There are 6 protein chains.
Amino acid sequence: MTEHTRVDGRSPNDMREVTIERGWSTQAEGSALISFGNTRVLCTASFTPGVPRWLMGKGTGWVTAEYSMLPRSTNERMQRESVRGKIGGRTHEISRLIGRSLRAIIDTKALGENTIVIDCDVIQADGGTRTASITGAYVALADAIEWAREQGHIAKKSKPLTDSVAAVSVGIVDGVPMSDLAYTEDSNAETDMNVVVTGSGDFVEVQGTAEGTPFNRTELDALLDLALASAQELAEKQAAVLAR
Amino acid sequence: MTEHTRVDGRSPNDMREVTIERGWSTQAEGSALISFGNTRVLCTASFTPGVPRWLMGKGTGWVTAEYSMLPRSTNERMQRESVRGKIGGRTHEISRLIGRSLRAIIDTKALGENTIVIDCDVIQADGGTRTASITGAYVALADAIEWAREQGHIAKKSKPLTDSVAAVSVGIVDGVPMSDLAYTEDSNAETDMNVVVTGSGDFVEVQGTAEGTPFNRTELDALLDLALASAQELAEKQAAVLAR
Amino acid sequence: MTEHTRVDGRSPNDMREVTIERGWSTQAEGSALISFGNTRVLCTASFTPGVPRWLMGKGTGWVTAEYSMLPRSTNERMQRESVRGKIGGRTHEISRLIGRSLRAIIDTKALGENTIVIDCDVIQADGGTRTASITGAYVALADAIEWAREQGHIAKKSKPLTDSVAAVSVGIVDGVPMSDLAYTEDSNAETDMNVVVTGSGDFVEVQGTAEGTPFNRTELDALLDLALASAQELAEKQAAVLAR
Amino acid sequence: MTEHTRVDGRSPNDMREVTIERGWSTQAEGSALISFGNTRVLCTASFTPGVPRWLMGKGTGWVTAEYSMLPRSTNERMQRESVRGKIGGRTHEISRLIGRSLRAIIDTKALGENTIVIDCDVIQADGGTRTASITGAYVALADAIEWAREQGHIAKKSKPLTDSVAAVSVGIVDGVPMSDLAYTEDSNAETDMNVVVTGSGDFVEVQGTAEGTPFNRTELDALLDLALASAQELAEKQAAVLAR
Amino acid sequence: MTEHTRVDGRSPNDMREVTIERGWSTQAEGSALISFGNTRVLCTASFTPGVPRWLMGKGTGWVTAEYSMLPRSTNERMQRESVRGKIGGRTHEISRLIGRSLRAIIDTKALGENTIVIDCDVIQADGGTRTASITGAYVALADAIEWAREQGHIAKKSKPLTDSVAAVSVGIVDGVPMSDLAYTEDSNAETDMNVVVTGSGDFVEVQGTAEGTPFNRTELDALLDLALASAQELAEKQAAVLAR
Amino acid sequence: MTEHTRVDGRSPNDMREVTIERGWSTQAEGSALISFGNTRVLCTASFTPGVPRWLMGKGTGWVTAEYSMLPRSTNERMQRESVRGKIGGRTHEISRLIGRSLRAIIDTKALGENTIVIDCDVIQADGGTRTASITGAYVALADAIEWAREQGHIAKKSKPLTDSVAAVSVGIVDGVPMSDLAYTEDSNAETDMNVVVTGSGDFVEVQGTAEGTPFNRTELDALLDLALASAQELAEKQAAVLAR
């Protein structure tokens with residue numbers, strides 16, 4: 001597997017260069033500009049005391065997410081969803097995925113009746129925008145929670161974060177399992193899988209799709225191994241950035 | 001695992017009773033009313049010669065799907081999406097999943113420049129509506145293709161169907177992996193996984209979500225085993241129905 | 001008039017075969033799957049204690065209806081209104097007609113501050129979908145009221161239903177007044193009239209439209225006679241079904 | 001019947017004062033500002049050579065109508081439908097009624113492949129806005145056809161108009177059949193009926209609705225008599241205005 | 001400058017004939033049908049006690065405006081914004097401009113917690129529809145305030161109106177600064193400027209746009225001079241109409 | 001005037017620090033990340049051969065713009081316009097202003113039948129987002145044109161740009177005319193004016209609004225002087241950046 005070389009010179013197991021600029025926005029309670037190679041996503045976390053009406057009085061908080069792509073984040077300009085007047089299926093699907101991924105590592109009781117909205121705006125897209133979004137969103141979320149603790153919105157001893165979370169796309173290209181697919185690889189993948197993993201190495205989401213021919217159990221296992229290894233790298237990077 | 005008994009008396013490995021009424025609609029080119037226990041979905045396949053503009057002249061066909069729930073398919077009446085004026089994220093997501101699942105076993109070249117639209121309308125919902133939809137949609141699709149062959153829209157020797165496809169939801173409830181979750185089980189599942197499998201036993205889609213605590217590799221493996229076994233049963237049922 | 005034979009062998013005064021399957025849905029408080037020949041409509045009645053905001057505190061209930069066609073209920077697939085993002089004029093018009101027809105036989109004071117929503121989803125369309133909807137909706141409504149009485153939401157001695165209601169389409173085809181037009185007859189009708197009649201034989205709605213040449217008073221009178229006779233048959237069928 | 005006096009002093013058989021200002025708009029090919037008492041509607045007819053795509057090459061023309069109310073045409077300001085982002089059921093219903101009524105007296109072959117759009121904008125509403133709209137729309141339509149003939153869009157010898165058309169609302173108020181109901185009468189009517197009649201006295205549309213108790217055949221007959229008489233008066237007024 | 005003659009015979013400094021029919025609508029609390037030549041706008045003012053939620057309890061009132069064009073107010077019929085399902089940018093922009101212009105001469109404290117909505121519906125458009133709207137809206141607003149004072153909604157000694165307001169469009173056509181551009185002039189203008197001016201001669205809005213070549217400071221000064229002079233004429237006309 | 005000191009230490013005539021990062025996006029044909037102090041806007045220019053249908057065959061090109069704010073560009077998170085399902089009035093207004101401003105310095109004949117879409121996405125907002133957008137958009141536009149010339153889409157000798165364009169907001173705060181208002185100043189301004197100026201010092205747009213009391217001619221003149229001076233600085237900065 002490792003003899004195969006990729007378009008950008010990586011070996012199949014390698015992720016692209018990952019950078020996380022914490023606090024990139026001066027206004028949000030938490031923010032991170034994350035890059036997976038040429039893919040670049042601005043993640044902001046907005047903290048508000050209080051919860052939506054349907055949660056009031058239950059003593060639990062709420063974390064949700066919205067994903068969007070700038071019109072010229074892609075190679076050809078896309079129409080804005082605000083102009084089309086509705087949000088497409090893919091946008092909905094990814095927003096929901098990001099929200100679920102973050103809620104998996106949040107103790108909503110410990111968060112108290114507070115709401116955090118994560119916005120993931122893709123500034124440049126070269127494959128893996130949803131996995132970069134989840135990975136960056138965690139950093140923004142962690143900072144917003146820290147901010148809320150400092151402001152007294154969350155009790156000092158409360159620990160709303162039960163773990164960290166990161167995500168990676170893996171896939172089979174030309175018969176070879178590969179990590180962190182760039183756009184051209186993704187377009188040619190026979191199987192494409194997005195895996196969301198906690199810092200402790202457990203799964204939050206596993207979404208594998210056969211783009212061409214269906215995949216067998218052996219291939220699935222190889223992809224899961226690869227995803228766990230890459231997710232481990234991301235978890236270390238997140239920890240390092242948040243330790244500063 | 002097998003000592004555990006479920007609300008409706010099933011053992012964890014058992015699916016609910018599955019029935020497929022082929023040709024339920026007199027107007028569609030293919031149709032099936034499928035039941036997974038109390039879950040009931042009407043699947044129709046509409047065949048039209050020609051393809052959408054973006055596919056014209058490429059010699060390939062198109063298969064797509066739309067999923068919807070009748071307002072009173074659920075325990076409490078839901079607002080119609082036509083009345084709200086927009087389709088929700090979940091509906092989009094499931095429609096896209098059904099379409100991808102069917103396209104995985106279609107040879108679009110063999111289909112020729114023809115379009116098949118599958119409609120999956122949930123008449124009664126008790127968990128597993130998306131997996132019942134995919135399983136029933138395959139039967140409707142197969143009949144629409146047969147109809148088109150008889151009408152001469154598809155050449156006699158063309159084989160647009162490369163395999164069959166079925167889907168099942170599996171999950172971990174009270175620590176036990178179970179097949180074909182009913183609504184109350186689904187609501188209490190720690191992990192919920194929808195698996196789409198071909199008749200030959202390969203994966204088309206694997207979508208696992210931690211609803212509560214993240215799941216580990218061992219649990220994932222147990223769920224995949226269970227899904228493959230149940231999908232095998234469904235494939236046999238589909239074959240039997242289509243053989244009549 | 002009676003010498004004229006119709007496409008399906010009926011005489012002009014005959015309705016198509018009418019069947020009413022009461023309680024077809026296991027979830028709704030009342031339901032009926034009604035057929036007028038090949039036209040098939042699922043009618044469900046959803047009961048909720050309480051009324052919309054604008055009626056609160058007035059001591060009266062509310063009954064409303066929504067009509068919709070499944071995309072492949074027709075010979076050629078129609079686009080879903082949820083996908084188009086708006087409800088068409090015809091759908092609005094029929095929903096409003098069904099609601100008005102039911103409210104004509106409801107004593108909203110006796111209903112108390114409770115709401116019943118009737119959904120009429122056309123599963124197969126072969127002419128007369130609105131008249132079948134009204135006729136089936138009455139059965140679903142009656143059962144929902146009975147359910148509410150048993151549950152104690154409505155007092156035992158209250159009689160929210162003041163009468164029964166049914167509807168039939170009549171029209172002039174090739175110069176001959178005919179009852180219960182099938183789709184091909186409806187398309188060729190010079191005049192098309194939908195008549196909603198109570199069990200006691202009074203009119204709730206009379207909607208006659210000249211599709212081709214305008215119609216005169218004599219023709220109108222003949223159509224009204226025919227409608228009253230057919231409505232009488234429907235009222236008897238409803239009573240028989242509800243008596244079981 | 002004639003002893004009964006109405007709020008504004010009319011006898012039951014009388015219409016309110018009807019005025020038709022022909023050519024009120026300087027830009028439309030045909031226009032009329034029509035008043036039925038305090039109800040005032042601006043009707044314009046816009047002529048365009050050519051037909052919608054679905055009619056091309058069939059040698060027939062198209063006439064359609066749109067109805068709308070100015071936000072402050074009513075006693076309390078209504079929200080604009082453009083602001084709400086969708087057209088309500090009532091607006092759709094009336095627009096369709098006006099279009100059907102006009103098409104009933106149009107020979108679309110004689111019109112040739114031309115389109116006429118009628119706009120009926122209610123400037124002041126005091127009951128009967130739909131019947132005033134139809135009555136005024138006919139005048140605007142006739143002028144637009146005359147304009148098109150003069151411009152050579154329609155051959156001199158073609159006669160697209162096969163008759164005239166007018167409409168009146170009749171109803172039973174306090175047990176008395178009355179013609180041309182004003183708003184307060186309409187609100188109290190037990191039965192409300194809109195009747196569209198050709199200049200020759202045939203029916204184009206009959207739409208009767210029981211607002212309170214259902215109505216019997218005798219009442220229906222009385223209302224139809226009244227409607228035919230009032231429609232005759234309107235036809236004479238239209239002819240007089242167009243003769244100038 | 002004054003030697004130049006315009007299409008309609010006016011000299012560059014002249015406005016078209018301006019007429020204001022006060023109280024044109026019998027239902028609104030204030031209304032005016034204003035004409036600037038062939039441009040005709042119906043302005044109504046709707047008074048309601050109370051304010052929108054976000055203003056409650058602050059002791060201040062609210063004035064807002066909505067602008068719209070009838071579909072056949074223009075030379076070619078435009079699609080209704082209610083049919084398109086959304087309001088266009090130009091409509092939004094003008095509605096906001098009218099609202100701001102009126103609020104500039106309103107003391108919202110003196111208005112008390114009351115809301116006035118101004119509707120400006122263009123019945124015929126020949127250039128200057130927004131300036132005619134503002135000028136007519138002031139008259140409708142003044143009458144609605146007077147009505148509210150008489151009804152006791154506003155205290156007798158309160159003076160919500162701090163000044164009057166009117167607007168005029170000026171522009172450079174063929175190098176010559178001109179007042180109150182008609183549609184054909186507006187289409188050929190190199191520079192187009194809408195100026196909103198109080199009765200005391202101060203500016204509320206200055207919106208100048210280079211349609212062709214950018215304009216210099218000298219041209220800007222000439223246009224401002226012209227606008228102030230025309231606005232003075234309009235203020236006098238408003239005062240005269242309101243004095244009756 | 002110069003003795004007055006502002007919140008951030010500037011004198012009234014000073015703009016905030018302006019930086020322009022040219023080519024910030026790797027995908028767009030032209031791009032600039034522009035800052036006016038804490039206001040930060042990403043401007044991208046997307047070049048496409050061909051023009052919208054309504055311009056085809058006329059030999060002229062098309063330049064248009066879309067403005068949008070990221071949900072957390074502001075101090076409190078705003079709802080996305082794509083989620084609300086429609087674009088607000090302010091967004092429309094600013095998009096149109098940017099488009100007009102750019103078209104004022106474009107020779108569309110020289111551009112040929114090509115389209116350039118400018119996207120201005122506000123990443124951080126602290127007042128002056130529309131003026132920063134226009135100023136940055138010019139740089140992105142210039143680069144896209146240069147790119148198109150190099151690619152051969154535009155002839156080498158064609159000069160689509162006839163000048164440069166920049167914009168600045170000026171206003172009267174506490175009676176003092178000031179340049180480039182920051183958000184808190186803008187909120188307190190009595191008068192707010194956005195001025196779009198070419199590199200040669202002519203006006204493209206002048207939009208002055210009295211937020212509180214109307215303004216007189218002397219104040220207007222002072223604001224125009226200030227705007228011309230600041231625009232001159234911006235033009236020099238643009239030229240310097242493009243000269244690299």
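All values below were derived from every heavy atom in this structure, side-chain atoms included, with hydrogens, water molecules and symmetry-related copies excluded. Computed from a prediction, not measured in an experiment: that's the story for all the values here. Labels below follow one simple rule: chain letters A, B, ... track the order of the sequence lines, proteins then strands, and each chain is numbered from 1.
- Contact check on F:E29 versus A:R77 returns no salt bridge, with no Lys/Arg side-chain nitrogen under 4.0 Å from an Asp/Glu carboxylate oxygen.
- The main-chain N or O of A:T26 is found under 3.5 Å from a side-chain atom of F:Q124 such that the two form a donor-acceptor pair.
- Of the atoms belonging to A:T74, it is backbone heavy atoms, and not side-chain ones, that fall under 4.5 Å from chain F.
- If you measure heavy-atom distances from A:S25 to chain F, the contacts under 4.5 Å come from both the backbone and the side chain.
- Interface remark: of the candidates F:S46, F:S31, F:G85, F:S46 forms the most heavy-atom pairs closer than 4.5 Å to chain A.
- The parts of F:E66 that come within reach of chain A are both its backbone and its side chain, each placing non-hydrogen atoms under 4.5 angstrom from that chain.
- Atom CD of A:Q151 has more than 12 neighbouring heavy atoms from other residues, nucleotides or ligands inside a 6.0 Å radius.
- In this structure, the side chains of F:S82 and A:R80 stay at 4.5 Å or more apart for every pair of heavy atoms.
- In this structure, A:Q27 contributes its side chain and F:A125 its backbone to a donor-acceptor pair below 3.5 Å.
- Under the 3.5 Å distance criterion, the side-chain polar atoms of F:R72 are left unmatched by any main-chain donor or acceptor of A:D119.
- For A:R84, no part lies under 4.5 angstrom from a heavy atom of chain F.
- For chain A, the option among F:T91, F:I87, F:T44 with the highest count of heavy-atom pairs below 4.5 Å is F:I87.
- Within the 4.5 Å cutoff, the side chain of A:D121 has heavy atoms near those of the F:P71 side chain.
- Side-chain atoms of F:L70 and A:L70, non-hydrogen and from C-beta on, do get closer than 4.5 Å to each other.
- Using a 4.5 Å cut-off between heavy atoms, A:S73 contacts chain F through its backbone alone, with no side-chain atom that close.
- Few gaps surround CD on F:Q79; more than 12 heavy atoms of other groups in view lie less than 6.0 Å from it.
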